[in-house]
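One structure below.
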There are 2 protein chains.
Amino acid sequence: MELFVEHGYERTTTADIAARAGLSERTYFRHFPDKREVLFDSTHALDTLVVEGIAAAPADAAPLDALAAGLRAGAAMLHGLGDHARARTAVIASQGELRERELAKMSGLVAASAAALVERGVGEAAALLSAEAGVAAFRVAFDRWVATPAGPPLPDVVDAVLAELRQVVAPA
Amino acid sequence: MELFVEHGYERTTTADIAARAGLSERTYFRHFPDKREVLFDSTHALDTLVVEGIAAAPADAAPLDALAAGLRAGAAMLHGLGDHARARTAVIASQGELRERELAKMSGLVAASAAALVERGVGEAAALLSAEAGVAAFRVAFDRWVATPAGPPLPDVVDAVLAELRQVVAPA
DNA sequence: ACACCCGATGTCAGTCGCTGTCATCAGTAG
DNA sequence: CTACTGATGACAGCGACTGACATCGGGTGT
C-alpha cells in the first residue's frame, strides 16, 4: 500500500514490492499468485463474515433478509477499517486490471452467499438471484459510503440501499 | 476463435493470432489493447441494443420494465448467434483472466443501462439498482440458456428469470 | 505527372509479469 | 550426527505489451 500510494500501482514493480518486504521477487510469487492479489488478501475474511451471518439468521427469515444480515456483518467490519478501506478503494479505482479483479472477488462473494442460502434450504435459482441482487446493493452502498466520509456508518447505508432495491424491483 | 478452440487460449500467443490474420504482432496491438479483447469485440453491439431498447420503451413503463425491454432486444441478438455464442462462452469459462474481463464488460453494460434509465427521468439511485439487478438476471438467464441447447429461446429465459427476480426481492 | 502528406504497417529493442529449475539453508526427527 | 523437509534465493527464460523509427501506399494539390 505504501508503495502504491506513493508511486502509483503501475509504476511499482513486483521486484519493488518484494524488496520492501525484504524478500526476493521469486518468493513474492510463492505467496501470491500475481501482482494484483496483494491488494485482495482480506476479501476472504469478508466472505466468511457474510456466510456466517447468513447461517446465523433466524430459520424463518426470507432469503434476502438472511442475506441482509450477512451483509450487515461484513459491512460492520469494513466500516471498522475506515480510512484504510477508502485508500485501498482509491488504488483499485485507479487501474483497470484492479477493477476487474475486484469484480471477480465480488462474484466470489455472490457464489459464497448463494451457497450459504442453499444451505438454508433456499432453491438454487432463488438463492443465486437473491445473492446477485443483494451483493449488487452491497456494492452500491459501499461506493456511496466511500464517497461520503462524514456520512452514516456502512451497515446503515447497506440497509437503506437494500430497502431501495426492494422498492425498485417490486413486482407489479 | 479457431486458434483458441484448437489449442486453447493460454497456449495461443499473440504472435500466433497476428500471424493467422496475416499481420505483425505489433499491428495486433494497434487494433486491440490486449490479448483478451479479441474475444470481446461484439460486446459493444450488445450494449447499444440494450440501450436503444430501453430508450424505445413506453414512456410510462417502470424502470425495470424498460430495462427488460432492452435486455430482450440484446437477448434476441445473442440467441441468433446460437452455437457461436456457446463456443465463445466455453473459451471464456476456461480461463480466469477472461472471466474477469467478462465481468468487466457486464459492469459496462450496467453502467450503460443505468445511464439510459436516467435519460428516461429515473433517479440515479433507482437506475443503478435496477440496472445491477436486471443485468444480474440477464447473466443468470444467459448461463441457463447456454447450459440447455435444446431449451427455450434466450429472450423467453430472460423474461422468466426477471419474473423470478421480482418474486425473490419482493418487499415484505 | 510530380511532389507531398498521412495513416497504416513492419521492425527492433526493451520492460515487466510470471514460471521452471536447481542450489542453499534453516530447523527437526531419528 | 545425519537425513529429511520446507522455505528461500539465484538464474534463465517465455510471453504480453510499449516506444521509437523506418517504410509503404494511396490520396491531394499544383
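- Place B:E97 and B:G22 on DNA chain C by their nearest nucleotides, and B:G22 ends up nearer the 5' end.
- The distance from the CG atom of A:L78 to the CZ atom of A:R86 is 10.5 Å, given to the nearest 0.5 Å.
- Scored by the salt bridge (charged side-chain N to carboxylate O under 4.0 Å, His left out) test, B:R20 finds B:E2 as partners (sequence neighbours excluded).
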Got a list of side-chain donor-acceptor pairs under 3.5 Å for residues 128-140 of chain A, not counting sequence neighbours?
residue : atom : partner : partner atom : Å
A:S130  : OG   : A:A126  : O            : 2.6
A:E132  : OE1  : B:R139  : NH2          : 2.8
A:E132  : OE2  : B:R139  : NH2          : 3.2
A:R139  : NH2  : B:E132  : OE1          : 2.7
A:R139  : NH2  : B:E132  : OE2          : 3.3

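- Every salt bridge (charged side-chain N to carboxylate O under 4.0 Å, His left out) that B:D159 has, sequence neighbours left out, goes to B:R72.
- Where DNA chain C meets chain B (any atom under 4.0 Å from a heavy atom), the bounding nucleotides read 5' to 3' are C:dT9 to C:dT11.
- For residues 31-43 of chain A, proximity to DNA chain D is found at A:H31, defined as any non-hydrogen atom under 4.0 angstrom from a strand atom.
- Looking at residues two or more places apart in sequence or on another chain, you find a side-chain contact (heavy atoms from CB on, under 4.5 Å) between A:A15 and A:T13, A:E25.
- More than 12 non-hydrogen atoms from other residues, nucleotides or ligands lie less than 6.0 angstrom from CD of A:E37.
- For the pair B:R88 and B:F4, the cation does not sit on the ring face, since its NZ or CZ is not both under 6.0 Å from the ring centre and inside 45° of the axis.
- Applying the ring-ring contact (aromatic ring centres under 6.0 Å, His included) rule to pairs touching residues 80-106 of chain B yields nothing, sequence neighbours excluded.
- A:M1 and A:F40 end up in the same hydrophobic cluster when Ile, Leu, Val, Met, Phe, Trp and Tyr side chains are linked at under 4.5 Å.
- If you check residues 5-18 of chain B against DNA chain D, the residues with a heavy atom closer than 4.0 Å are B:T12, B:T13, B:T14, listed by number.
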Exercise answer: donor-acceptor pairs, residues 47-54 of chain A side-chain atoms, under 3.5 Å, sequence neighbours excluded:
residue : atom : partner : partner atom : Å
A:T48   : OG1  : A:H44   : O            : 3.4
A:T48   : OG1  : A:A45   : O            : 2.8

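- In the 5' to 3' direction, nucleotides of DNA chain D lying under 4.0 Å from heavy atoms of chain B begin and end at D:dA16 to D:dA20.
- Applying the side chain to side chain donor-acceptor pair (under 3.5 Å) test to pairs two or more places apart or on separate chains, those with a residue in residues 141-158 of chain B are B:H79-B:W145, B:R144-B:E164.
- Counting side-chain heavy-atom gaps under 4.5 Å among Ile, Leu, Val, Met, Phe, Trp and Tyr, the cluster of B:L103 also holds A:L103.
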